[in-house]
Each structure stands twice: as structure tokens, then as C-alpha cells.
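Have a look at the structure below before the remarks.
Note that ligands are numbered from 1 as they come in the structure, with each ligand's atoms numbered from 1 the same way. Just so we're clear, the structure is a prediction, and the values are computed from it rather than from any experiment.
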Amino acid sequence: MGVARFALCKISSSLLPRMHRPSALRQMSVAADLKNSTIFRSQGLIGGRWVAAHDGKTLQVNNPSTGEIIADVPFMGRRETNDAISSAYEALNSWSKLTATERSKCLRKWYDLIMSHKEELGQLITLEQGKPLKEALGEVSYGASFIEFFAEEAKRVYGDIIPATLADRRLFVLKQPVGVVGAITPWNFPLAMITRKVGPALACGCTAVVKPSELTPLTALAAAELALQAGIPPGVLNVVMGNAPDIGDALLASPQVRKITFTGSTAVGKKLMAGAAGTVKRISLELGGNAPCIVFDDADLDVAVKGVLAAKFRNSGQTCVCANRVIVHEGIYEKFAEAFSKAVQNLQVGDGFTEGVVQGPLINEAAVQKVESFLQDALSKGAKVILGGKRHSLGMTFYEPTIVTDVKTDMLLAREEVFGPVAPLLRFKTEEEAIRIANDTNAGLAAYIFTSNVQRTWRVSEALEYGLVGVNEGIISTEVAPFGGVKQSGLGREGSKYGIDEYLELKYVCLGDMNRK
Ligand code: NAP
């Protein structure tokens, strides 16, 4: 946070990190081009106007691959959040009264604009978040798919007629928008975590105040710019960023905000859940995971290696559904470790704009230190590194794709989300033991199993205490399926026909005295 230090274009090449000079120069040129594009915004959006913080304070947005400052954005707090809430509240009346078809058309246009700016949005994601461009482009399509899907779902919000218990009555159920929604999102999917919330919210007539992570606000602002260009009226979508606790408190305190939807850490989710009690708000939480990935001895080894690789190393291990514990049957443990190691060795690490790179940097120094401390804990308790295990020679926050064997259930690597490119391999003897290890956690978001036994697929899928189960597949998220966790991984579901219910209230209407003439 703080006042802007120097603009990107003023950085002399001698100041660039030594190992990264060519890549940093290339990224600076991408950044300079993006700044001239029609989607680039570096102010907050309140009531359809691009605004600075009231006291002029700014926050620097860095490129995790190079450490360069991409832009300064306003460091906002309670005051701006309250303004954004007022704008969203004012816009609610007219937006919720549009027909579903009218709202659907706006959302469809927004989707079209996101897709026609896919390349620029992908570059922006890579620039501020670090993931490889190919993955970033995938996120743009994935993120946009929620807008498209809910543009369609807007037209299918059906109520009900209930058979009455008395002859002179008629009973109806209406579905109406919850109202103003406060949406708080993390840095690991700077676009998709927003569209997964805002898509259904806007589709059914809610308005929103979005708070993206301070680490990745530029993608959110670009998406908001495209929403304005799509004709989504001023005030329907507002974006504030800066002092997270102050913004969160303002959203929680306002009686005008009727719903909080949050994706992020379990610790912050719990705070928001407690805070929402003050004004009895609806709440949806997509929190941290501790995904088990069980490889049975009847699995197809190639399928298992490919699946675990995708589930573990996507976004350099920084997703809530990343495989956190690879639990392998003792009969194939060594064989799997060897084949997996060969595959992981081939993962190319580098800046996200380099062709062929599949592992970018971690988001910041704290993330690397977390990985180091988890690894240290495991090594001190008898685990062994068979691949990687240290910072990458590229410097910055690059970390070597790592495999650790002989991991035990009491190690931090098995108990908490490492959120980095480290695959811990645990051993099991029986199916019951694998299920027990998998369920021995407070988290319950995603789980994966690799087996070619159909009966086992059903048995184990049913026994796993998780909201999502991938069978012989490491990438399972899609806009058409419900995404969400059980236990302390969260409340509610995003995406799919179920996702819109999170933004709707049921209203029961009883029409009496039917027989009066
Ligand atoms: P985080 O620290 O909880 O941050 C998430 C968001 O909450 C950010 O916008 C952050 O703002 C904001 N925030 C922080 N403290 C707050 C407070 N007191 N009041 C209101 N807002 C506050 O999580 P993260 O490190 O960004 O994201 C990683 C976590 O998200 C992991 O645990 C991951 O598993 C989880 N995640 C879950 C899902 C899912 O669908 N279940 C998806 C993606 C990620 P600032 O960044 O500006 O501080």
C-alpha cells in the first residue's frame, strides 16, 4: 500500500532483476500495450464512475514474475464502500424490475465482450497473477462461461403454485432477488471467481459491490469496464479495493447489503460468517480445501499420472481444488512415484509469457515461505524429497515443482493446504484406510480417485466427505456443475442450475377469499 513510487515506463532496464532482464522487458512491453487498451482501468468503479480513493491513497499492483509495478490503484476503505453500497442499492430498484430477457441480453453482451477481449484479459491475468498465458486464456473462457450460462438461466427462474389446503385459497411461491450482494474474491482466479458470483447475482436482479484481492484488481476492473460497455447500468456493478478488513466490515455492517458471497481462506470466511450475523445476511462461502487424490492399485498408471499432474500443478499448485495429498496404494507406490517424477521433471518453469511454460511464480514471498516451512516440517519428521525441494534458480518467487515421499498424516503437508507446487505422497494398504485418511480433515472441497473398478468408484465417491469428486480426472470444474464444499470448506454452491438459488429469496403468497364475487 502507499503512494505510487514510480511508473512502470520510468523503470530503467538496469533496475530489472538480473536473471529476468529479457523476460521483464517483454512483460513491460505487454503492460505498456495493455495500458493503452480500451479495457485497462486503474480506478474504482462506483455508480458507473471511475473514482480514486477519497484521500488519494493508492496501492501498487506488482507483477509476481518480475516484481515490477504494473499500476497503482486506489486504496479504498469504509467510505468508498458505503458509497458503492448506496449506488448498488439505488440501482437495485430499476435493475430488478427489468424483465429477465432484458437482463439476459446485457449479460450476453458482457460475455461477448469478454470473449472478444480474451487475449488482453488473459495477458492481464498473467501479468498480475503470474499463471502461464495459456492457463490465463483458459481462465478467461471459464470465467466468461458463467456469464453466458447465467444469462440463459435468468430466463428460467420459475416460481411454483402449491395445491391449497383450503378451497378458497391459492398458494404461490415467487422467487425474488436477494438484493445488494457484497462479493469478496481471491487472487488465484482474478476473473472467474468474480464472474461465478456476479453472473448469477445480476441474472436474477441483484446488484453487487465487488472487492477483488489487492493483489489482482486489474482484471476485475477490466471486466467491470466491459460490463459498462455491455450496457449494464451504472451502479449495478461496483468495484472497490484497498483495506480488506475495512471494506469487509462496511459490507457486513450495512443493512442494505443482503448477501455476502466470499471465496478465499477459511480463516477470513469464518470472520465474515460471524460478522454477517449482526444484520442476519445470507452468506455463501467457498473456502480452502485439502484435496485427497487416491491412487488405487487397479488404476491405469498413465491416466493417474496425467490426472494427478493436472490436479496438483495447475496454477503452480495455487487452487482450492489442487490435490494436496496424493494417497497411493502401497503395491504401486514406488512405480507411481517414479512415473510421476518423470512427468513432473518435464514441467517447464518460467514467466507466463514464455512459450511452453506451465509453471509460473508463486503469488508472493509469503507464499514461498509457507511452502518452505511445510517442507521443513515434513523433512524434520522423516519425509524425503525425490524431486525439487527448493526455490527455483530463476529467483523471485519461482519454486521448483517438488515431490515428497514418505509423508505421514501428522505432517503439515498432509494437514493443511500447501498452496504451492509440492506433491506429498502418502501410502495406504486398504480401501478403508484410504477413505479414513482422505476424510481425516476439516476441509471438504474436492477429492480425486483413480481406479478402473466401477463398484469402487461408486463406493468411494459416496464415502468421501467432499463437495466434488473427480474420478480418473484431475480437472473437473465447469459452469454447468455445482461447485462448493462441505465441512469447513464452505456453504452453498456456485455455477449450474443450483448456483442461482444463492441469490434468490422464496416468497410465499397466499391469496384468500377466492370465492368472493
Ligand atoms: P484470503 O486471504 O482469505 O483473501 C480472499 C479475499 O478476502 C481477498 O479479497 C482479501 O483481500 C479479502 N480479505 C482478507 N481479509 C479480509 C477481511 N478481514 N475482511 C474482508 N475481506 C478480507 O485468501 P487468498 O489468500 O486470497 O486466497 C487463497 C484461499 O482461497 C485458499 O485458501 C484457497 O483454497 C481459497 N479458495 C477457495 C476457492 C473455492 O472455491 N473454495 C477458490 C479459490 C480460492 P486482500 O487480498 O485485498 O487482502
For Val480, all residues meeting side chain to side chain contact (heavy atoms under 4.5 Å, CB included), sequence neighbours excluded: Phe149, Thr478
Pair Glu494-Lys197, salt bridge (Lys or Arg N to Asp or Glu O under 4.0 Å): steps then yes or no: CA-CA 7 Å; Glu494 293 191 328; Lys197 299 176 185 315; 2.7 Å; yes
Element-labelled atoms of ligand 1 that are located less than 4.0 Å from some non-hydrogen atom of Phe419: 28 (C), 31 (C), 33 (C), 34 (O)
Distance filter under 4.0 Å to Gly248 heavy atoms, resulting ligand 1 atoms: 20 (C)
Geometric cation-pi criterion Lys131 and Phe189, 6.0 Å radius, 45° cone: yes
Polar proximity ligand 1 side, Leu287 side, N/O cut 3.5 Å exclusive: yes
Glu286 side, atom CD; Thr185 side, atom OG1 - distance, nearest 0.5 Å: 12.5 Å
Any N/O pair Gly264/ligand 1 closer than 3.5 Å: yes
Passing candidate, side chain to side chain contact (heavy atoms under 4.5 Å, CB included) with Ile294, options Val328, Val326, Ile449: Ile449
Leu272 vs Lys281, side chain to side chain contact (heavy atoms under 4.5 Å, CB included): CA-CA, chis, key distance, verdict: CA-CA 10 Å; Leu272 295 174; Lys281 293 187 205 308; over 6 Å; no
From Asp377 atom CG to Asp410 atom CG, the distance as rounded to the nearest 0.5 Å: 8.0 Å
Nearest-neighbour protein heavy atom for atom 18 (N) of ligand 1, which is reported as residue plus atom name and distance: Pro245 CA, 3.7 Å
Donor-acceptor pair between Arg196 and Tyr142 side chains, under 3.5 angstrom: yes
Side chain to side chain contact (heavy atoms under 4.5 Å, CB included) evaluation trace for Val321 with Arg314: CA-CA 10 Å; Val321 292; Arg314 188 161 66 115; 3.7 Å; yes
Lys/Arg N to Asp/Glu carboxylate O, Glu365 vs Arg391, below 4.0 Å: yes
For atom 1 (P) of ligand 1, the protein heavy atom that lies nearest, with its residue and separation: Ser265 OG, 3.6 Å
Mutual orientation of the aromatic rings belonging to Phe146 and Phe150 [parallel < 30°, tilted 30-60°, perpendicular > 60°]: parallel
Part of Arg196 within contact of ligand 1 (heavy atoms, under 4.0 Å): side chain
Contact check: Ser489 vs ligand 1, nitrogen or oxygen atoms, below 3.5 angstrom: no
Sub-3.5 Å N/O-N/O distance, Asn188 and ligand 1: no
Any N or O of Glu214 closer than 3.5 Å to N or O of ligand 1: yes
Nearest neighbour in protein (non-hydrogen) for atom 20 (C) of ligand 1: Ala244 O, 3.4 Å
Glu417-ligand 1 polar pair, N/O distance under 3.5 Å: yes
Those atoms of ligand 1 less than 4.0 Å from some heavy atom in Met193: 42 (C)
Ser213 N/O to ligand 1 N/O under 3.5 Å: yes
Audit row: Phe419, Ile363, side chain to side chain contact (heavy atoms under 4.5 Å, CB included) steps and yes/no: CA-CA 10 Å; Phe419 236 58; Ile363 190 69; over 6 Å; no
Proximity to ligand 1 by part of Gln318, non-hydrogen separation under 4.0 Å: neither
Within 6.0 angstrom of Gln43 CD, more than 12 heavy atoms from elsewhere: yes
Side chain, backbone, both or neither: the part of Thr263 lying under 4.0 Å from ligand 1 by heavy atom: both
For Leu445, the ligand 1 atoms whose distance to one of its heavy atoms is below 4.0 Å: 41 (N)
For atom 27 (O) of ligand 1, closest protein heavy-atom neighbour: Pro186 CB, 3.5 Å
Under-4.0 Å heavy-atom contact between protein and atom 46 (O) of ligand 1: yes
Phe189, portion touching ligand 1 at heavy-atom distance under 4.0 Å: neither
With Arg41 via side chain to side chain contact (heavy atoms under 4.5 Å, CB included) - residues at least two apart: Trp50, Leu221, Glu225
Residue and atom name of the nearest protein heavy atom (relative to atom 42 (C) of ligand 1), distance in Å to one decimal: Cys320 SG, 2.9 Å
Ser489 (side chain) donor-acceptor with Gly288 (main chain) under 3.5 angstrom: yes
Geometric N/O contact Thr319 with ligand 1, under 3.5 angstrom: no
Shortest protein heavy-atom distance from atom 7 (O) of ligand 1, along with the residue and atom involved: Phe262 CE1, 3.2 Å
Closest protein heavy atom to atom 24 (P) of ligand 1, given as residue, atom name and distance to 0.1 Å: Trp187 NE1, 3.4 Å
Nearest neighbour in protein (non-hydrogen) for atom 8 (C) of ligand 1: Thr185 O, 3.3 Å
